[in-house]
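A quick write-up on the structure given underneath.
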Amino acid sequence: MRNNWIIWVVITVILISLFSNFNFPTNTNAIDYSEFVTQVKAGQVSRVSVDGLTISGEYTSGGTFETIRPAISDDNLMNDLVANNVQVVGVLPEERGILTQLLIATFPVIIFVLIFSYLMRQQAGGGGKNNPFNFGKSRAKKIMEKDLDITFNDVAGVDEAKQELEEIVEFLKMPDKFHEVGGKIPKGVLMSGAPGTGKTLLARATAGEAKVPFFYMSGSDFVEMFVGVGASRVRDLFEQARKNAPCIIFIDEIDAVGRQRGTGLGGGHDEREQTLNQILVEMDGFDSKLGIIVIAATNRADVLDPALLRPGRFDRQVMVDLPDINGRVAILEVHTKKITLDSNVNLHDIAKGTPGFSGADLANLVNEASLITVRENLKKVNMICLEKARDKIIMGPERKSIMMDDKEKLNTANHEAGHAIIGFLMPGHDKVYKVSIIPRGRALGITTFLPEKDKYSHSKETLLSSICTLFGGRIAEELINGEDNITTGAQNDIERASHIARMMVTKWGFSRDLGPINYHDQDKEVFLGKSFAHHGFEVSQTTAQKVDEEVKYIITQCYERSRKILTDNIDKLHIMAEMLMSHETIDSEQVKAVMDGTLKAEDKDEKVELKEA
């Protein structure tokens with residue numbers, strides 16, 4: 001505001017100085033020149049003042065007048081004035097000073113310079129993100145240390161990643177401790193992992209622990225339609241960081257600008273590549289003693305340019321994995337601190353039933369359970385609410401608005417019962433969790449399996465069991481309805497089974513004849529950070545034919561194996577389908593009762609207490 005007032009004061013002074021040098025018209029009575037001459041000859045004029053072509057005067061009777069003499073010669077005017085005793089007064093032309101003349105001459109230039117200086121100051125000072133002169137400035141969100149309320153205590157389930165970052169925190173707090181022994185802290189830390197595992201939260205917690213400013217920017221914020229804007233924003237970001245050192249720069253989704261160079265259509269003039277080049281230069285240029293740490297996050301570390309990953313740039317790579325069961329318990333404890341839990345809630349059981357969930361998924365689960373609690377007018381979140389929330393996330397929301405007739409409903413029940421029976425009997429397969437014929441998402445019914453413990457690899461037996469289970473629904477329809485009356489409900493099952501079988505042959509080496517050789521073309525999509533010149537490897541037509549034969553052999557063997565199992569357990573298939581028709585959803589205990597023979601066709605409603613989902 002102070003700078004704006006100064007500008008307006010200067011403009012006002014200049015205008016007053018200019019206006020004071022101009023003669024403005026008065027309210028004097030204006031008459032024609034011919035009338036003026038007549039009045040002079042009639043003796044009605046007592047005094048005149050001549051200023052160039054302008055003649056002003058006074059009447060003998062009082063009053064004033066003014067007239068303009070035509071630009072023609074009138075030699076008799078002076079004689080008439082003298083003859084009629086008119087007092088003639090001459091006016092010298094006013095001479096303007098040098099300063100005034102300079103002001104008049106330079107006035108437009110001064111105004112232009114002032115406006116330009118004002119706009120430049122607005123650009124240098126930010127001026128808002130909508131300022132048209134501000135597109136080259138960094139759009140990083142600056143969070144000062146006093147506003148960072150997240151620490152490592154708020155992060156759970158990623159203990160190994162926290163240990164890697166604790167050294168960064170110690171350096172930012174006590175840099176002299178490292179400098180005394182000549183040690184250099186890594187300039188950059190690259191965190192990679194699946195979406196929702198807490199990479200951004202870890203970066204903010206690191207800044208919160210170290211009590212230093214935190215600059216947050218997404219990789220896509222660098223690149224615009226204007227050439228050079230990305231590089232300009234990188235320079236401005238690091239310039240701001242130097243002024244606020246020690247600090248942390250966090251670049252989220254760095255693969256947006258950090259993909260391998262030479263893969264775009266623009267060559268070396270590609271805007272994304274120029275931005276990446278500037279990031280490489282800036283990270284290589286600043287001194288590690290300044291205390292600037294660059295943290296980046298991505299879930300596509302495989303497509304990043306090798307220059308980003310070399311020592312001196314992102315020296316340290318931290319893998320943020322999906323949490324194990326202990327990590328999930330810790331994450332659930334963090335997210336349930338602010339909600340009221342019922343005494344029957346067992347977070348360990350919830351964690352055990354959520355393998356493969358990320359931290360974001362678990363936070364969503366707790367939030368969904370809270371919403372269900374409010375919807376059912378309860379005061380505390382109980383175990384049933386948490387299980388309903390888990391079912392909604394795993395199986396999708398219920399679509400009870402879809403009305404199926406009894407024939408289609410029975411076909412869906414047979415289909416899902418086929419999945420459940422094969423999954424229950426196959427060795428190495430995950431445990432049946434729930435079977436439902438309530439439409440969820442895009443499926444008319446769903447059978448859910450949950451592993452009893454976390455898995456990090458899969459055996460050949462497990463993969464074959466998965467294929468057999470996927471075909472259970474299709475075979476159940478075929479056995480009950482006949483081959484000519486099977487439906488399209490197994491479309492997704494066939495796709496998934498075919499994919500597993502092809503991966504077994506081409507990628508995992510589970511083939512009879514082809515052996516442990518990789519035939520999987522990983523570089524098919526060149527625009528995902530891969531080079532145009534490298535398209536993977538080609539296989540001969542003979543080998544491709546053998547691959548197809550091996551895939552078909554696996555599918556055929558699994559299909560026949562599932563058919564035999566369901567044929568031998570056709571009575572259990574009918575019982576389970578009837579249970580689904582009556583109750584729509586059954587759980588693992590009810591499936592086990594059917595498969596153990598505890599529940600028979602004639603007493604299925606009495607021997608087992610059916611549980612509603």
Side-chain angles (χ1 to χ4, degrees), residues 138-178 185-219 221 237-238 240-254 283 286 288-299 314-323 327-339 358-364 366-367:
S138 169
R139 294 189 177 181
K141 298 176 183 177
K142 179 181 177 183
I143 305 175
M144 298 306 295
E145 54 271 25
K146 61 181 180 180
D147 300 321
L148 288 166
D149 54 354
I150 298 177
T151 63
F152 283 152
N153 294 329
D154 301 307
V155 184
V158 284
D159 296 336
E160 293 82 1
K162 285 199 295 186
Q163 291 175 3
E164 292 286 337
L165 294 172
E166 283 174 355
E167 194 173 275
I168 304 295
V169 173
E170 190 175 359
F171 169 78
L172 292 173
K173 285 183 175 180
M174 298 176 291
D176 295 338
K177 178 180 178 181
F178 292 84
I185 200 68
K187 292 183 179 180
V189 178
L190 178 67
M191 294 190 294
S192 59
T197 50
K199 299 183 289 294
T200 303
L201 185 66
L202 269 172
R204 294 193 64 171
T206 303
E209 286 284 337
K211 300 296 181 183
V212 296
F214 181 76
F215 291 87
Y216 172 83
M217 196 166 181
S218 173
D221 289 338
L237 173 62
F238 279 87
Q240 292 183 40
R242 291 186 185 95
K243 294 178 181 178
N244 291 273
C247 64
I248 290 177
I249 297 174
F250 179 63
I251 304 176
D252 199 6
E253 306 296 345
I254 195 174
M283 291 190 68
F286 68 81
S288 60
K289 294 182 180 180
L290 292 176
I292 301 175
I293 305 297
V294 183
I295 301 178
T298 181
N299 51 21
F314 285 105
D315 310 73
R316 182 166 297 182
Q317 298 185 36
V318 178
M319 188 66 187
V320 187
D321 291 317
L322 293 171
R328 293 195 295 274
V329 171
I331 293 173
L332 288 170
E333 289 175 350
V334 170
H335 290 298
T336 54
K337 284 180 180 179
K338 297 181 180 180
I339 66 173
S358 65
D361 293 329
L362 294 171
N364 186 36
V366 173
N367 184 62

List the residues meeting side chain to side chain donor-acceptor pair (under 3.5 Å) with [X], not counting sequence neighbours, and say none if there are none.
X: Gln317; value: none
X: Asn244; value: Lys142
X: Ser218; value: Ser220
X: Thr298; value: Asp255

- Ignoring hydrogens and geometry, is there a side-chain-to-backbone donor-acceptor pair from Asn367 to Asn364 under 3.5 Å? no
Heavy-atom pair of closest approach, residues [X] and [Y]:
X: Ala241; Y: Phe215; value: CA-CE1, 4.1 Å
X: Gly157; Y: Ala330; value: N-CB, 4.4 Å
X: Ala161; Y: Val320; value: CB-CG2, 4.3 Å
X: Pro323; Y: Ser358; value: CD-CA, 4.2 Å
X: Asn299; Y: Pro195; value: ND2-CG, 3.2 Å
X: Ala245; Y: Ile292; value: CB-CG1, 4.0 Å

Report the distance from atom [atom1] of [X] to atom [atom2] of [Y], rounding to the nearest 0.5 Å.
X: Glu209; Y: Lys173; atom1: CD; atom2: NZ; value: 5.5 Å
X: Leu165; Y: Glu170; atom1: CG; atom2: CD; value: 13.0 Å
X: Leu322; Y: Arg328; atom1: CG; atom2: CZ; value: 9.0 Å
X: Ser192; Y: Ile254; atom1: OG; atom2: CD1; value: 11.5 Å

- Could you please spell out the steps behind the side chain to side chain contact (heavy atoms under 4.5 Å, CB included) verdict for Lys187 and Val294? CA-CA 6 Å; Lys187 292 183 179 180; Val294 183; over 6 Å; no
- Query: Among pairs that include at least one residue of residues 152-168, which meet side-chain hydrogen bond (donor to acceptor under 3.5 Å, both in side chains), considering only residues two or more places apart or in two chains?
  - Reply: Glu167-Arg316
- Partner of Phe214 by side chain to side chain contact (heavy atoms under 4.5 Å, CB included), out of Ile248, Ile295, Ile249: Ile248
Can you give each donor-acceptor pair under 3.5 Å made by side-chain atoms of residues 196-208, sequence neighbours left out, with the distance rounded to 0.1 Å?
residue	atom	partner	partner atom	Å
Thr197	OG1	Ala194	O	2.8
Lys199	NZ	Gly193	O	3.3
Lys199	NZ	Ala194	O	3.0
Thr200	OG1	Asp252	OD2	3.4
Thr206	OG1	Leu202	O	2.8

